[in-house]
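Naming: A, B, ... by sequence-line order, numbering from 1 per chain.
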Amino acid sequence: MSLPHQLAAGELLTALRGASCASSALRLYSLLRIRLPPSDPSSFAGRAAAFALKPLSSAGSLPLLSHFHAHLIRSNLLAYPQVASSLLRSYSLLSPAAAHHLFDQIPPATCNLFVVNVMLSSLCRSSDLASARLFFNDIPDKDIVSWSTMLACYFSNKSVADGLAFFRTMTFTTTLAPDYVMLVTVLTGCASAGLLQPFCRSIHGYIVRRQAVSMHLGTSLIDCYAKVGRLDYASRVFVRVPSRNVMHWTAMICGMAMHLHYDEAIQLFEEMRRQGVRPNEMTFTAVLSVCGHAGLVEQGREFFKLMVEEYDLEPTVHHYGCMVDIFAKAGQLEDAYDVIKTMRVEPNIIIWTSLLAACKRLKNFDIAMEVLDEVLAMEISDENGGLYTLISDLYVMAGRWDDVLKVRRLMEEHNVRKNRWSRSVRAGKPPGLIDPAVS
DNA sequence: ATAGGGTTAG
């Protein structure tokens with residue numbers, strides 16, 4: 001390979017790595033392929049394929065991905081585990097079934113731990129906990145990534161106690177040491193189970209002993225302590241973080257808000273800005289929700305304006321939701337409804353619930369009746385089953401008996417009562433035989 | 001060149 005040739009290929013590869021959309025990635029990829037000699041001693045083609053697959057999966061087109069897949073087979077690039085795992089990951093984001101199918105066809109020589117871990121994370125996202133666990137059990141040389149993928153799967157399935165027990169199993173039965181990603185995962189699990197405050201402390205102790213406190217762990221510790229009700233510990237971690245970034249500030253502001261310290265939350269926000277830390281969209285979600293809870297309508301308006309005009313952030317459905325809630329809580333139903341009518345994103349269940357709850361409280365049925373058909377046409381998940389009760393109450397109060405019956409039927413179809421019951425059973429499950437003193 | 005994690009409105 002001549003030198004200029006190689007340089008050009010290297011530059012293309014760098015550009016490909018940073019490519020953000022599928023079409024530019026594919027263009028760069030084919031340019032690069034044309035310049036490569038058949039021998040390709042630096043396996044540029046393989047690297048390029050791995051890079052190109054990332055923007056390809058975010059394009060969300062399965063036919064496009066299959067097309068590239070066919071190309072990879074023709075050019076024998078799938079033999080590289082790096083390419084195979086990238087392709088598998090791309091498939092798993094678009095079609096778990098296709099990912100599973102591909103995995104079965106990967107030859108043993110290519111199927112290294114990277115590939116297997118991608119398959120595990122695909123199962124964790126798309127399948128049930130038990131199937132993921134069976135797959136995990138069959139992995140021969142599980143590494144820290146396999147364990148933390150599985151651990152996160154427990155937590156995302158709300159099996160917190162089982163997850164923490166699983167974590168203990170790792171510490172007892174393997175020589176693997178938890179790295180910071182796994183510790184973040186564990187702390188997230190602790191945060192979702194308020195009863196496990198001692199466990200959160202013991203993880204903190206472990207982190208301090210290992211001198212593993214990193215920027216990420218600081219955020220997770222603040223969040224975890226706040227969620228388990230120890231705002232004092234959260235603050236202590238917060239003040240000790242050497243260089244506080246947006247995430248630390250936001251986690252602390254959320255913690256303050258969670259514990260009803262609205263003034264402190266807003267003061268923290270102002271202090272953060274004074275120190276030159278740029279708030280992000282989550283920071284604004286936090287302060288706007290504070291305004292809703294504290295009844296600060298004007299303040300909320302100002303924050304919203306600040307976000308758009310000074311920080312140039314595009315409001316998301318969360319921010320609009322906060323604005324609806326601010327107006328709804330303050331009894332300004334027309335303003336709340338105006339936000340919904342004029343916002344640039346589709347309203348979701350949370351937003352409607354916020355508006356409808358205020359309609360019920362204020363016995364304002366005009367707006368409620370205007371929007372209910374639209375709300376009922378939406379996909380209401382079991383988790384939001386309570387919305388049916390709210391809607392039914394509104395119809396009762398408005399004397400619309402036919403509609404009451406209609407909603408009752410919907411509730412039966414969706415098993416609203418049954419699901420509530422099973423949720424409470426799950427929530428009431430003992431947090432498990434976890435001894436915080438160990439690990 | 002490839003794998004796992006983090007704060008978000010009712």
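- Screening Arg209(A), Arg210(A), His204(A) against Tyr206(A) for a side-chain hydrogen bond (donor to acceptor under 3.5 Å, both in side chains) leaves a single residue, Arg210(A).
- Across the protein-nucleic acid pair, Ile253(A) atom CD1 and dG6(B) atom P stand 20 Å apart, rounded to whole Å.
- Within the nucleic acid shown, Ser146(A) has no heavy atom closer than 4.0 Å to any nucleic acid atom.
- One interatomic measurement links the two molecules: CG of Leu36(A) to C1' of dA1(B), which rounds to 14 Å at whole-angstrom precision.
- Relative ring orientation between Phe166(A) and Tyr154(A) is described as tilted, the plane-to-plane angle lying within the 30° to 60° band.
- Going from atom CZ of Phe114(A) over to atom P of dA3(B) covers 8 Å, rounded to whole Å.
- For Glu271(A) and Arg244(A), the salt-bridge test fails: no basic side-chain N is under 4.0 Å from an acidic carboxylate O.
- You'll find that the side chain of Thr285(A) is closest to dA9(B), out of dA9(B), dA3(B), dG6(B).
- Residues Cys224(A) and Leu187(A) share a closest heavy-atom pair of SG-O, 3.5 Å.
- Counting any heavy atom pair closer than 4.0 Å across all strands shown, Thr185(A) reaches sugar-phosphate atoms only and no base atom.
- Using a 4.0 Å cutoff on non-hydrogen atoms, the parts of residues 75-94 of chain A near DNA chain B are Tyr80(A), Pro81(A), Gln82(A), Ser85(A), Ser86(A), Arg89(A), ordered by number.
- Between Leu221(A) atom CG and dG6(B) atom P the separation is 15 Å, expressed in whole Å.
- Using a 4.0 Å heavy-atom cutoff across all strands shown, Val186(A) reaches no nucleic acid atom at all.
- For Ile350(A) and dG10(B), the CD1 to C1' distance is 6 Å, given to the nearest whole Å.
- The pair Glu302(A)-Lys305(A) does not count as a salt bridge, with every side-chain nitrogen at least 4.0 angstrom from each carboxylate oxygen.
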Inset, instruction - I would like to know whether Arg278(A) and Trp249(A) meet side chain to side chain contact (heavy atoms under 4.5 Å, CB included); could you show each step before the answer? - result: CA-CA 10 Å; Arg278(A) 195 175 192 275; Trp249(A) 285 97; over 6 Å; no
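- Atom CD1 of Ile222(A) and atom C1' of dT7(B) are 10 Å apart (whole Å).
- Considering only side-chain N and O atoms, His248(A) lies nowhere under 4.0 angstrom from the phosphate OP1 or OP2 of dG6(B).
- Residue-level contact check: Leu151(A) touches neither bases nor backbone, having no heavy atom under 4.0 Å from any strand.
- For Asp179(A) against dG4(B), a side-chain N or O and a base N or O form a donor-acceptor pair under 3.5 Å.
- Scanning both residues, Ile253(A) and Leu268(A), for their nearest heavy atoms gives CG1-CB, 3.8 Å.
- Put simply, NE2 on His293(A) is 4 Å from P on dG10(B), counting in whole angstrom units.
- Using a 4.0 Å heavy-atom cutoff across all strands shown, Thr353(A) reaches at least one base atom of the nucleic acid.
- Note: CD1 (Ile203(A)) to C1' (dG5(B)) measures 14 Å, nearest angstrom.
- At the phosphate of dA3(B), neither OP1 nor OP2 sits under 4.0 Å from any side-chain N or O atom of Lys142(A).
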